Enquirer: 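First the structure, which I've put down as structure tokens, then a few questions once you've had a look.
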Amino acid sequence: MRIPFHFLKPFERLVAPPNLFPYVGLSPTSIISPSISINILHTKSNTKTALQISSLLQGCTHLNRLKLVHAKIIVHSLQHDSHLSTKTAILYVTFHCIDSANLLFRKILDPCTYLWNILLRGYATEGRFLQALKLYNKMIGARVKPDKFAFPFALKSCAGLSALQTGKQIHQHLICCGCSNDLFVDAALVDMYSKCGDVEAARLVFDKMAVRDLVSWTSMISGYAHNGYNGETLQFFDLMRYSDVKPNRVSLLSVLLACANLGALRKGEWFHSYVIQTGFGSDILVATAVMDMYAKCGSLELSRHLFDQTLGKDVVCWSAMIASHGMHGHGRKAIDLFGQMVEQDVKPNHVTFTCVLSACSHSRLLEEGQRYFKSMSNEFGIVPKLNHYACLVDLLGRAGKLLEAETLIESMPIEPDTSIWGSLLGACRIYGNLDLGERVADKIFHLDPTQAGYHVLLSNIYAAKSRWVDVERVRELMAGRGANKIQGFSLIEFNNQVFKFGVGDRSHPQSKKIYSYLEELAAPMRHLGYVPLTDFVLHDIEDEAKEVALSYHSEKLAIAFGLINTNPGIPIRITKNLRICGDCHSAIKFISKIVNRIIIVRDMHRFHHFENGACSCGDYW
DNA sequence: GTAGGGTTAG
């Protein structure tokens with residue numbers, strides 16, 4: 001959700017040097033405020049009751065008790081006593097009843113900064129970010145100077161909403177309030193910029209920090225990991241250790257994520273042993289991250305082995321394992337896991353269902369998927385969200401039921417977004433349905449014309465039918481809209497390093513060797529029946545040139561590099577940032593047979609295990 | 001009185 005730029009009140013209102021907030025503190029309004037007047041008018045017995053109630057509030061350890069004391073305040077007509085109301089409101093926040101706290105807060109005439117902060121923290125930690133920012137705005141409107149306790153929560157709310165512009169405004173506010181150079185505020189700034197996707201800004205804040213503790217380091221490391229700066233994540237983790245800051249469970253989660261993103265199995269194994277050595281092996285969060293890392297690095301076996309040994313598995317751990325089996329094309333096993341999870345009284349959540357439905361989709365389990373979709377609301381009381389519908393559309397689409405998928409989209413109770421139509425467009429590409437594909441693409445471009453991936457899908461449909469004029473038209477449309485195609489690349493880990501290959505990449509020192517290796521493979525591949533699938537080249541060029549263009553796709557270059565540099569029998573593991581190309585998929589099947597190697601390719605959606613001329617996905621992806 | 005956090009479609 002984007003917060004409009006004008007969401008916050010103009011900052012000029014805050015800038016009133018030399019005293020920024022003349023009305024805070026010795027304010028003339030507070031001297032004549034009604035709450036104070038009422039306190040003055042209290043009779044002796046009233047004061048006594050107020051004191052008694054105050055001590056009762058002190059002993060409130062349960063919500064019900066608090067409600068009783070609150071009733072007592074009303075019965076004794078003490079609801080205008082700001083001290084009692086403040087105390088009551090704070091206790092309501094403690095018991096997660098922010099709305100009750102807010103009702104009380106609104107009746108307090110001159111709430112103290114502490115109460116503003118407590119309420120702001122309440123909204124922010126409960127994930128009610130918009131309300132938190134509204135409160136922050138109101139705070140400024142009331143000329144209450146936000147302090148170092150307010151900013152971390154205001155910034156956390158911006159982070160939660162990915163509201164970069166608002167976050168930048170608050171950054172300015174805190175500088176003017178003299179709150180920069182605070183350990184907590186700066187860590188929150190690093191986190192806000194990272195979660196809004198501006199890692200460079202996060203780094204600038206980090207670099208300016210005079211003192212950094214474990215949380216500041218972890219905020220930066222986590223920012224790198226979640227924004228795909230995987231190399232930096234690992235480097236920063238080392239830097240942190242060299243700075244004598246001892247990693248904890250949270251910092252370990254980030255490095256494990258980076259290994260998973262890179263598909264760096266050896267590095268991931270090293271971190272697994274580090275996790276065990278440092279005593280975090282039985283931590284369910286860390287253990288889940290290790291399992292996820294193994295699965296995403298292509299080793300479902302290691303991941304499952306660890307899972308079976310782990311005690312106290314929660315819903316996230318189960319969901320991660322279900323997702324891993326789904327990603328590797330083991331739909332039946334994913335379903336089995338779901339059954340075991342329910343049997344063990346672990347309640348599935350909406351993410352679990354996304355994992356189950358996606359697993360069904362990757363394994364052609366149409367009926368099962370439809371059944372689980374229905375059971376979500378019928379048996380588990382979970383209302384399907386957009387991504388569940390996207391899975392169902394994908395499931396129907398891949399099964400060739402394109403019209404059924406379209407009807408589903410049109411009858412959905414939620415407004416479909418580009419991802420829903422995108423699932424259907426993907427199915428149109430698989431089945432070469434140009435009519436529907438054009439209609440669907442129209443809807444997508446109407447909703448968001450800037451996404452390159454959907455333009456590529458549409459142009460693939462045209463290319464498959466040799467409609468080169470239309471291919472060129474879509475390409476121009478794409479360029480005109482500034483929707484630039486994401487460059488495809490493939491990663492391979494070797495010798496404790498991750499190597500990256502782009503299309504037609506010649507930057508690697510072994511480049512010559514790699515290209516000649518692929519040329520050598522061409523003859524035996526053809527002999528076994530490989531025919532280049534030239535639909536996957538967008539240009540209207542001669543067939544021979546298309547073949548050449550295809551043979552240097554990043555996945556083939558990475559595989560050739562792996563085959564040249566590793567011994568027979570060692571599986572080759574590749575990670576690709578986009579969906580694997582159809583021609584490469586076919587070529588790798590032949591390569592696996594010729595060189596007698598297992599080749600495991602992770603693309604942006606799933607795993608492909610190539611062995612002896614076949615792929616685990618059964619050509620269904 | 002405050003911060004960083006494991007699973008998720010296409």
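Everything numeric here is computed off the predicted structure, so don't read it as measured data. Reminder, nothing fancy here: chain letters follow the sequence lines and each chain counts from 1.
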Enquirer: Apply ring-ring contact (aromatic ring centres under 6.0 Å, His included) to A:Phe445 and list each qualifying residue two or more places apart in sequence or on a separate chain.
Expert: A:His455
Enquirer: Using ring centroids (six-membered ring only for Trp), state whether A:Tyr123 and A:Phe153 fall under 6.0 Å.
Expert: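 Between A:Tyr123 and A:Phe153, which both carry aromatic rings, the centre distance is not below 6.0 Å.
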Enquirer: Where along nucleotides 3-10 of chain B does protein come under 4.0 Å, by heavy atom, of base (B) or sugar-phosphate alone (S), with - for untouched nucleotides?
Expert: BBBBBBBB
Enquirer: Check ring-ring contact (aromatic ring centres under 6.0 Å, His included) between A:His171 and all other residues, then give those that pass, not counting sequence neighbours.
Expert: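 With neighbours one apart ignored, the set is A:Tyr193.
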Enquirer: CG of A:Leu119 versus P of B:dT2: gap in Å, rounded?
Expert: 16 Å
Enquirer: Check the side chains of A:Asn230 and A:Thr233 for a donor-acceptor pair under 3.5 angstrom, ignoring hydrogens and angles.
Expert: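 Absent: no donor and acceptor within the cut-off.
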Enquirer: Below 30° counts as parallel, above 60° as perpendicular, anything between as tilted: where do the rings of A:His328 and A:His330 land?
Expert: tilted
